[in-house]
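Remember, it's a predicted structure, so these values are computed and weren't measured experimentally. All residue numbers refer to positions in the sequence shown, counting from 1. Because only heavy atoms are used, hydrogens play no part in the values below, and waters and symmetry mates are left out as well, while side chains stay in.
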Amino acid sequence: MRNNKKKTRRSTAATAAQRMVLGGLPQEDEEILQSPLQMVISSFVRDKIAMIGVILFTFIFLCCVFLPYFFPIDLYYQDVTQANVAPGFGMLSVPTQLKNNAQDLSVGSSFSVGLDKDGNVYEWGTFPNEKLKNIPSTNETGKLVQISAGLDHIVAVNEDGQVFTWGNDRMGLASIPMELRTGGNDIKQILAGYQISLALTEDGEMYNWGSDYLLSITYPEGVQGNIDKFAASTNIVMALTKDGEVVPLTNKTSAYTNIPEEIQGNVVDLALTDESAAAVTADGTVYAWGNNIKKTLDIPEEIQGQVVSIAGGRYHYTAVLQDGTVYSWGDNTHGQTDAPSGTTVASVDSGYYANYAITQDGTVVAWGLKGYLMGTDALGRDLFRRILVGGRMTMTVGAIAVIISSFIGIVIGGISGYKGGKVDNLLMRLTEIVSSIPFLPFCIILSSILGNKISETQRIILIMCILGLLSWPGIARLVRGSVLAEREQEFVTAAKALGVRELGIIFRHILPNIITVIIVNATLSFATCMLTESSLSFIGFGVNEPNATWGNMLTGAQNGQVIENYWWRWVFPALMLGICTISINCIGDGLRDAIDPKSKER
């Protein structure tokens, strides 16, 4: 009995002592005890600002890593017809009043126009010229029966044969020939092209006005008065005669002029893209020639012998088959070849990157470029795609620079802090020398000296190396201070007694104890390196075009006109860079507070 009482007393005392160790917590809360790593993680997770930073940075990082595979980019792509298009997806948003009452539709560069059966004009999309919105009143034009949209101007004709134009009036685009101004002509076809306008009368006479700098038209002998139809691109105008022959209206030899001999005299329709031409013969066969850019010359075999008409955009063709269905091929970057299946159409208009079809019952069907999520830049490049690729480049440069600087800083700081004495003095003087080098001027001078002597890939590698080689002093000092404190600990003395080599003590025993401090510093340095790379690219001494980074995408922000009129060109890159760097700094601050809770008090 006495022994049992003693055991009970000892057990009660042990339990009380255990509760004192646990701070008076009950037995069921013992699992609350956590390891140091668990405590750091728990503290970090409770930091709402740090967690928001983690979520935002992770989202941007994953988007920049994976989305380019779904939104591929051609770094050398340029298209001035799509320059400075504002964000939005309204390019194919046909007005409700026109959807079931369309008479004529036309695709422009980033906008479209249409006529209803009463001759009323409708415009939609993103307008490159504000003058496009100045639609003439019905009192001025009468009832319009045909309309065509170009780069930044519109041409229309009324039922009396009078031709009208509005939009860009430079380079002679408003200088309509007197014969077309007065009316009385039976206009068969009109076209608003790239800085040029064209009109064809029923008697085969063709008129052109506008700029002849990019597109000079010459009429071979016997062609005027014998033209049945024409087609135009940004490079050439070609005519289809009433005899079924294709005639280039130019004196220059090019890929367009290599017309297949076997089709001459048998052509019923003609279309052009920016790099090729296509013709439909009387038996429904399509022939294409020119440059096979974006696979425009790869005519689908299943449509041969069934085509009745054809239309062309920038890099795609759309054909109407005998049964009224449509088929598109060529470039499909913006879905311009995703023709609707099972739809019977009466007419089709293709241009730039979109298509419109009017069905037999008068309904409008559209497919192709709807718009750009973040708009385009001065060269017509999609900002969303470039931001994704640019983010990947900026993060890669920053990450590799941090890896280089961290490695050098850890090695020098670790050796300096452990060895002390002359070694410490020598390494710290070296650190001070590197710290005194003015970073931006040094990079600018180096870039100017090298100039074009190195490739763009070598330049990117050089930037990463320079960032890393000049950014290590800070982390070296931090590691040195931490090692100085740790080298006096008992475990270091024990390692020395066991004969562990000095480098083993530094990097296998001391370093793991200060790794959290290094991680925090590396996290904050990552954001600094990203900002530094962006600064260099912004002023033209970093990553250059056509490679994209968030820094060189902001170059246009130096222009007051860009800031005022094309806000999307600098807002979105600046927003991505700002969110990313702020998020990284929030993560670094959260890690520091979680590792050292007393830092909050300081």
Side-chain angles (χ1 to χ4, degrees), residues 34-67 374 384 387-407 409-410 439 464 467-468 470-479 481-482 514-538 542 549-551 553-554 557 570-602:
Q34 296 176 327
S35 67
L37 178 61
Q38 289 174 324
M39 292 176 65
V40 168
I41 294 173
S42 177
S43 177
F44 182 77
V45 171
R46 288 196 299 269
D47 190 334
K48 293 182 180 179
I49 295 177
M51 288 307 299
I52 291 173
V54 170
I55 294 170
L56 289 175
F57 176 74
T58 303
F59 176 75
I60 294 173
F61 175 79
L62 293 177
C63 287
C64 291
V65 170
F66 294 109
L67 286 185
M374 295 182 178
F384 175 67
I387 281 175
L388 294 177
V389 175
R392 187 164 57 183
M393 176 67 73
T394 299
M395 290 183 193
T396 301
V397 171
I400 295 178
V402 166
I403 291 171
I404 294 173
S405 65
S406 298
F407 177 77
I410 289 170
F439 180 76
M464 292 187 291
L467 278 170
L470 296 183
S471 301
W472 60 265
I475 192 170
R477 290 194 183 96
L478 184 68
V479 171
S482 300
I514 63 172
I515 193 67
T516 51
V517 178
I518 295 172
I519 292 174
V520 172
N521 183 269
T523 303
L524 298 173
S525 297
F526 180 30
T528 303
C529 287
M530 287 177 59
L531 287 172
T532 305
E533 180 280 322
S534 297
S535 300
L536 286 171
S537 298
F538 175 75
T549 72
W550 287 339
M553 289 180 71
L554 286 169
W570 61 272
V571 165
F572 291 119
L575 196 62
M576 291 298 104
L577 179 61
I579 291 175
C580 196
T581 52
I582 291 172
S583 298
I584 294 170
N585 281 321
C586 289
I587 294 170
D589 288 341
L591 284 172
R592 181 189 60 202
D593 294 340
I595 293 168
D596 181 14
K598 292 182 180 179
S599 63
K600 292 182 179 180
E601 300 174 4
R602 297 195 294 268

query: For I387 and P573, which heavy atoms make the closest approach, and how far apart are they?
result: CD1-N, 3.9 Å
task: Rounded to the nearest 0.5 Å, what's the gap from CE on M395 to OG1 on T549? Could you check?
output: 12.0 Å
message: For a quick test of reading the model, state the closest non-hydrogen atom pair linking A50 to G590 and the distance between them.
response: CB-CA, 3.9 Å
query: Any side-chain heavy atom of L388 sitting closer than 4.5 Å to one from C63?
result: yes
query: Below 4.5 Å, heavy atoms only, C-beta onward: do L467 and I400 meet side chain to side chain?
result: no
task: Please test E533 against S537 for side chain to side chain donor-acceptor pair (under 3.5 Å), starting from the C-alpha separation and ending with a verdict.
output: CA-CA 6 Å; E533 180 280 322; S537 298; 2.6 Å; yes
field: Stepwise side chain to side chain donor-acceptor pair (under 3.5 Å) check, R392 with T396
entry: CA-CA 6 Å; R392 187 164 57 183; T396 301; over 6 Å; no
- prompt: Hey, is CD1 on I49 packed in by over 12 heavy atoms from elsewhere, all under 6.0 Å?
  reply: no
- request: Kindly say whether I519 contributes a backbone atom to a donor-acceptor pair with the side chain of T523 at under 3.5 angstrom?
  value: yes
Shortest non-hydrogen contact between S482 and I514, atoms and distance: CB-CG2, 3.6 Å
task: Please name all residues satisfying side chain to side chain contact (heavy atoms under 4.5 Å, CB included) with L524, sequence neighbours left out, ordered by chain then number.
output: V520, N585, D589
Taking every non-hydrogen atom, the tightest pair across L577 and T581: O-OG1, 2.9 Å
- request: Would you confirm whether T394, through its side chain, and W550, through its main-chain N or O, come within 3.5 Å as a donor-acceptor pair?
  value: yes
message: Among residues at least two apart in sequence or on other chains, which ones pass ring-ring contact (aromatic ring centres under 6.0 Å, His included) with F44?
response: none
message: Do T516 and L591 have side chains that approach each other closer than 4.5 Å (heavy atoms only, starting at C-beta)?
response: no
field: Main-chain N/O of G468 paired to S471 side chain as donor or acceptor, under 3.5 Å
entry: no
Results of side-chain hydrogen bond (donor to acceptor under 3.5 Å, both in side chains) for R477 - residues two or more places apart only: S435
- prompt: Just by distance, do the side chain of S525 and the backbone of N521 share a donor-acceptor pair under 3.5 Å?
  reply: yes
I55 side, atom CD1; C586 side, atom SG - distance, nearest 0.5 Å: 12.0 Å
task: Would you check if M393 and V397 make a side-chain contact, meaning some heavy-atom pair closer than 4.5 Å?
output: yes
- request: Measure the CZ-CZ distance between F572 and F384 for me, rounded to the nearest 0.5 Å.
  value: 11.0 Å
Sidechain-backbone polar pair: S405 side chain, V402 backbone, donor-acceptor under 3.5 Å: yes
field: From CD1 (I587) to CG (D47), nearest 0.5 Å
entry: 11.0 Å
field: Considering all heavy atoms, the nearest A527-I584 contact
entry: CB-CG2, 3.8 Å
query: Do F57 and C580 come close enough that some side-chain heavy atom pair is under 4.5 Å?
result: yes
